[in-house]
Structure formats: C-alpha cells, structure tokens
Amino acid sequence: MHLAPTEIPHLLRTAKTVAIVGISDKAERASHGVAQYLLENSDYELFFVNPLLDEVLGQKVYKSLKDIGVHIDIVDVFRKPEDCLAVLVESIEIGASAIWLQLGISVPEVATQGSEAGLSVVMDRCIKIDYAAL
C-alpha cells in the first residue's frame, strides 16, 4: 500500500533491516551520505547492494538483494526511475516488507505493483530526512 506521510514514522520505527540498492562509494553521492548517516545514527542493520562494488564504508556490498539471506524490512532504492521496477520485482521475490524510492523518484507502476504484492510503498522521499524527523 502506498503509505501516507503520517504512516511513515511507524514504518521507520518498526523496521530492523534496510537494504540500500544503488549504494555508491563516492562520498558526494546521496546514497553514500544516507548510508553513512544511518550507520552512525540508527539501529538498523544495513545491507548495501551494488553489483559493481565489494565494500563501502567498511561494509560488504552484495551483488543483489537475493544474496543477502535475511529478511529485509525496507528496500531503499537509489536508482534511475527506469530501473526501479526491476528492483521492485526482486524486492517482491525476497519477501521485503517495503520499497522506498528516494527524493525525486516516483514510478506509478512501482506503487501499483508493490501495493498489489503487499509491500508498503514510499516514493519521492528521503529516508535520512524522515528518520531525522523522528
């Protein structure tokens, strides 16, 4: 279901695991800054996903969501809009609870298909900003 802004704090408070898909090893990239912030300020168990990297911020980087092997509460996506549907498909396959598209990214098919598959869907929001607001 597409979450209303008032429902987002509950998602953030109850989540234990977050996979950041599209993590970058470049410090100026949003995905890197969000990952660093969450590592330093949250109790989430973080998993980084990028098929081109092995390590970021001292943590292992997985090639795909399927390689993680634990339940993922929130799949936080830092990818171009045209790549988000493929990430949703993989999120559904691994049984993730929610998919979160970052600020500036909104894909109607992700909202529809994610909701139909039972995932909570958040689009066009920054998890760092929403987490900091808690």
Side-chain angles (χ1 to χ4, degrees):
M1 101 180 129
H2 195 122
L3 292 185
T6 55
E7 298 171 300
I8 290 171
H10 177 73
L11 172 64
L12 292 173
R13 283 191 187 97
T14 57
K16 304 276 187 266
T17 54
V18 176
I20 298 180
V21 176
I23 185 75
S24 175
D25 57 357
K26 295 174 178 64
E28 67 274 10
R29 292 285 185 92
S31 63
H32 191 278
V34 167
Q36 186 164 15
Y37 175 84
L38 291 175
L39 276 172
E40 294 171 358
N41 297 284
S42 79
D43 292 327
Y44 296 135
E45 185 175 4
L46 297 179
F47 298 91
F48 300 156
V49 179
N50 184 325
L52 305 176
L53 300 173
D54 294 318
E55 185 178 294
V56 173
L57 294 167
Q59 295 218 166
K60 175 182 177 171
V61 177
Y62 294 85
K63 301 302 177 203
S64 78
L65 288 169
K66 294 176 193 164
D67 295 334
I68 294 173
V70 303
H71 175 75
I72 299 298
D73 294 314
I74 300 173
V75 176
D76 187 18
V77 186
F78 287 88
R79 298 294 310 271
K80 298 178 300 221
E82 56 268 25
D83 297 335
C84 291
L85 206 50
V87 177
L88 172 66
V89 169
E90 197 174 358
S91 300
I92 292 167
E93 289 173 357
I94 66 160
S97 301
I99 187 163
W100 187 301
L101 305 187
Q102 276 300 308
L103 211 50
I105 307 291
S106 189
V107 182
E109 298 83 7
V110 169
T112 303
Q113 294 177 30
S115 295
E116 288 171 357
L119 274 75
S120 296
V121 178
V122 178
M123 297 193 301
D124 192 21
R125 294 185 71 101
C126 177
I127 196 168
K128 175 185 170 188
I129 292 169
D130 281 311
Y131 185 84
L134 291 178

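- Note: the hydrophobic cluster containing V122 does not contain V110 (ILVMFWY, side chain heavy atoms under 4.5 Å, direct or indirect links).
- Between the CD atom in E55 and the NZ atom in K60 there is a gap of 11.0 Å [rounded to 0.5 Å].
- With values rounded to the nearest 0.5 angstrom, D76 atom CG is found 12.5 Å from K128 atom NZ.
- Among L3, I105, L12, V121, the one residue that satisfies the side chain to side chain contact (heavy atoms under 4.5 Å, CB included) test with W100 is L12.
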List the atom pairs, with distances to 0.1 Å, where a side-chain N or O of residues 83-98 and a protein N or O form a donor-acceptor pair under 3.5 Å, not counting sequence neighbours.
| from | atom 1 | to | atom 2 | distance (Å) |
| --- | --- | --- | --- | --- |
| D83 | OD2 | R79 | NH2 | 2.8 |
| E90 | OE2 | S64 | OG | 3.2 |
| E90 | OE2 | L65 | N | 2.9 |
| E90 | OE2 | K66 | N | 3.1 |
| S91 | OG | V87 | O | 2.8 |
| E93 | OE1 | K66 | NZ | 3.0 |
| S97 | OG | H71 | NE2 | 2.9 |

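- In the hydrophobic clustering of ILVMFWY residues, with side-chain heavy atoms under 4.5 Å counting as a link, I8 and Y44 come out together.
- To the nearest 0.5 Å, the span separating CD1 on I74 from CG on L46 amounts to 10.0 Å.
- Rounding to the nearest 0.5 Å places CG of L52 at 9.5 Å from CG of D25.
- Side-chain atoms of D73 come within 3.5 Å of backbone atoms of T17 as a donor-acceptor pair (strictly under, hydrogens ignored).
- V61 and V18 fall within a single hydrophobic cluster, where Ile, Leu, Val, Met, Phe, Trp and Tyr side chains are chained together by heavy-atom contacts under 4.5 Å.
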Evaluate I68 against K63 for side-chain contact (heavy atoms from CB on, under 4.5 Å), listing each step before the verdict.
CA-CA 9 Å; I68 294 173; K63 301 302 177 203; over 6 Å; no

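- Going from atom CG of N50 over to atom CZ of F78 covers 12.5 Å, rounded to the nearest 0.5 Å.
- Between the side chain of S24 and the main chain of S31, no donor-acceptor pair closer than 3.5 Å is present.
- Atom NE2 of H32 sits about 6.0 Å away from atom CD of Q36, to the nearest 0.5 Å.
- Listed for the K16 side chain is no donor-acceptor partner under 3.5 Å among the backbone atoms of I72.
- Although no hydrogens or angles enter the test, the distance criterion places a donor-acceptor pair under 3.5 Å between the side chain of S115 and the main chain of H2.
- Across D124 and G104, no two heavy atoms sit closer than the pair OD1-N, 2.5 Å.
- Taken together through direct or relayed side-chain contacts under 4.5 Å among Ile, Leu, Val, Met, Phe, Trp and Tyr, V75 and V70 form part of one hydrophobic cluster.
- Transitive grouping of hydrophobic side chains (ILVMFWY, heavy atoms separated by less than 4.5 Å) keeps V77 and I127 in distinct clusters.
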